[in-house]
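Below is one structure, written out as C-alpha coordinates, with a few remarks after it.
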Amino acid sequence: MCNPAISITVKLFAVYQETYGVPELVLEFPYGTPVSAVCDRLISEHPELAQWREITRFGINLIFVEPNTVLQNGDEVVLIPPVSGG
(Lines give C-alpha, C1' and ligand atoms only; values in the text may rest on other atoms or scores of the structure.)
Protein backbone atom coordinates (compact mmCIF):
# COMPACT_ATOMS: atom_id res chain seq x y z
CA MET A 1 0.00 0.00 0.00
CA CYS A 2 1.43 3.34 -0.94
CA ASN A 3 1.05 6.40 1.23
CA PRO A 4 -0.01 9.52 -0.63
CA ALA A 5 2.17 12.57 -0.38
CA ILE A 6 1.51 15.54 1.84
CA SER A 7 1.71 19.09 0.57
CA ILE A 8 3.34 21.84 2.63
CA THR A 9 4.09 25.51 2.11
CA VAL A 10 7.64 26.61 2.86
CA LYS A 11 8.14 30.28 3.70
CA LEU A 12 11.63 31.40 2.71
CA PHE A 13 13.61 34.07 4.55
CA ALA A 14 17.04 35.68 4.30
CA VAL A 15 19.58 33.52 2.44
CA TYR A 16 16.95 30.95 1.41
CA GLN A 17 14.75 33.60 -0.20
CA GLU A 18 17.77 35.22 -1.87
CA THR A 19 18.82 31.86 -3.30
CA TYR A 20 15.40 30.86 -4.62
CA GLY A 21 14.21 34.35 -5.57
CA VAL A 22 10.69 33.68 -4.27
CA PRO A 23 9.06 34.16 -0.85
CA GLU A 24 7.59 30.66 -0.64
CA LEU A 25 7.55 27.19 -2.17
CA VAL A 26 4.89 24.47 -2.17
CA LEU A 27 6.51 21.05 -1.85
CA GLU A 28 5.33 17.46 -1.53
CA PHE A 29 6.82 14.87 0.81
CA PRO A 30 5.87 11.35 1.85
CA TYR A 31 3.86 10.93 5.06
CA GLY A 32 6.12 10.64 8.11
CA THR A 33 8.77 13.06 6.78
CA PRO A 34 10.58 15.14 9.44
CA VAL A 35 10.79 18.92 9.00
CA SER A 36 14.59 18.67 8.63
CA ALA A 37 13.98 16.97 5.25
CA VAL A 38 12.72 20.32 3.93
CA CYS A 39 16.14 21.83 4.56
CA ASP A 40 17.80 18.75 3.05
CA ARG A 41 15.76 19.12 -0.14
CA LEU A 42 16.60 22.81 -0.52
CA ILE A 43 20.28 22.05 0.00
CA SER A 44 20.15 19.23 -2.55
CA GLU A 45 18.76 21.73 -5.08
CA HIS A 46 21.18 24.52 -4.06
CA PRO A 47 24.33 23.01 -2.47
CA GLU A 48 25.62 26.48 -1.60
CA LEU A 49 23.03 26.49 1.21
CA ALA A 50 24.80 23.60 3.00
CA GLN A 51 26.72 26.03 5.22
CA TRP A 52 23.41 27.00 6.87
CA ARG A 53 22.17 23.44 7.60
CA GLU A 54 23.44 23.15 11.18
CA ILE A 55 22.34 26.63 12.27
CA THR A 56 18.89 26.86 10.68
CA ARG A 57 15.92 26.69 13.04
CA PHE A 58 12.57 25.24 12.00
CA GLY A 59 9.05 26.47 12.56
CA ILE A 60 5.76 24.77 11.74
CA ASN A 61 2.58 26.86 11.81
CA LEU A 62 4.34 29.72 13.67
CA ILE A 63 5.80 27.47 16.41
CA PHE A 64 9.51 26.63 16.72
CA VAL A 65 9.99 22.86 16.49
CA GLU A 66 12.77 20.29 16.70
CA PRO A 67 14.29 19.05 13.42
CA ASN A 68 12.74 15.57 13.89
CA THR A 69 9.15 16.93 14.11
CA VAL A 70 6.99 15.08 11.57
CA LEU A 71 5.25 17.15 8.91
CA GLN A 72 1.47 17.05 8.45
CA ASN A 73 -0.49 17.79 5.29
CA GLY A 74 -1.08 21.53 4.92
CA ASP A 75 1.68 22.60 7.32
CA GLU A 76 3.33 25.98 6.84
CA VAL A 77 7.05 25.58 7.42
CA VAL A 78 9.58 28.33 7.99
CA LEU A 79 13.34 27.89 7.78
CA ILE A 80 15.01 30.51 9.91
CA PRO A 81 18.70 31.03 9.27
CA PRO A 82 20.66 33.29 11.58
CA VAL A 83 20.11 36.91 10.70
CA SER A 84 22.99 39.32 10.93
CA GLY A 85 21.96 42.51 12.63
CA GLY A 86 23.50 45.91 12.72
Side-chain angles (χ1 to χ4, degrees):
M1 178 167 168
C2 106
N3 286 330
I6 59 168
S7 179
I8 62 161
T9 300
V10 182
K11 300 283 189 182
L12 302 176
F13 296 98
V15 67
Y16 293 103
Q17 189 176 106
E18 291 165 20
T19 299
Y20 275 84
V22 295
E24 66 180 45
L25 302 168
V26 175
L27 301 175
E28 290 193 344
F29 288 92
Y31 273 100
T33 298
V35 68
S36 59
V38 176
C39 193
D40 294 341
R41 178 180 296 182
L42 300 188
I43 290 169
S44 74
E45 293 175 1
H46 291 277
E48 67 273 20
L49 294 171
Q51 63 184 313
W52 306 107
R53 181 194 310 262
E54 299 303 319
I55 50 180
T56 293
R57 294 186 65 193
F58 302 98
I60 297 177
N61 304 326
L62 304 178
I63 299 169
F64 282 114
V65 297
E66 295 300 316
N68 62 352
T69 302
V70 174
L71 295 167
Q72 303 296 321
N73 192 47
D75 278 347
E76 183 177 276
V77 174
V78 293
L79 301 181
I80 304 160
V83 178
S84 58

Side chain to side chain, F58 and V78, heavy atoms closer than 4.5 Å: no
Answer with yes or no whether the hydrophobic clustering places Y20 together with F29; edges join I, L, V, M, F, W, Y residues whose side-chain heavy atoms lie under 4.5 Å apart. yes
Check whether any side-chain heavy atom of L27 lies under 4.5 Å from a side-chain heavy atom of S7, and answer yes or no. no
Tell me, please, which residues at least two apart from E48 pass side-chain contact (heavy atoms from CB on, under 4.5 Å). T19, H46
Could you walk me through whether Y16 and V10 pass the side-chain contact (heavy atoms from CB on, under 4.5 Å) check? CA-CA 10 Å; Y16 293 103; V10 182; over 6 Å; no
Worked check of side-chain contact (heavy atoms from CB on, under 4.5 Å) between L12 and L42: CA-CA 10 Å; L12 302 176; L42 300 188; 3.9 Å; yes
Would a hydrophobic clustering, with Ile, Leu, Val, Met, Phe, Trp and Tyr connected at side-chain separations under 4.5 Å, put V35 with I55? yes
R57: which residues meet the side chain to side chain donor-acceptor pair (under 3.5 Å) condition with it, sequence neighbours left out? none
Hphob cluster co-occupancy, Y31 + V26, side-chain heavy atoms under 4.5 angstrom: no
Can you tell me how far apart CD (E45) and CG (L25) are? Round to the nearest 0.5 Å. 7.5 Å
Nearest 0.5 Å, what's the CD1-CD distance between I60 and E66? 10.5 Å
Is the shortest side-chain heavy-atom distance between P23 and Q17 below 4.5 Å? yes
CD1-CD distance between I43 and Q51, expressed to the nearest 0.5 angstrom: 9.5 Å
The reported gap from CG in D75 to OG1 in T33 (rounded to nearest 0.5 angstrom) is 11.0 Å
Between the CG atom in L49 and the CG atom in D40, the distance rounded to the nearest 0.5 Å is 11.5 Å
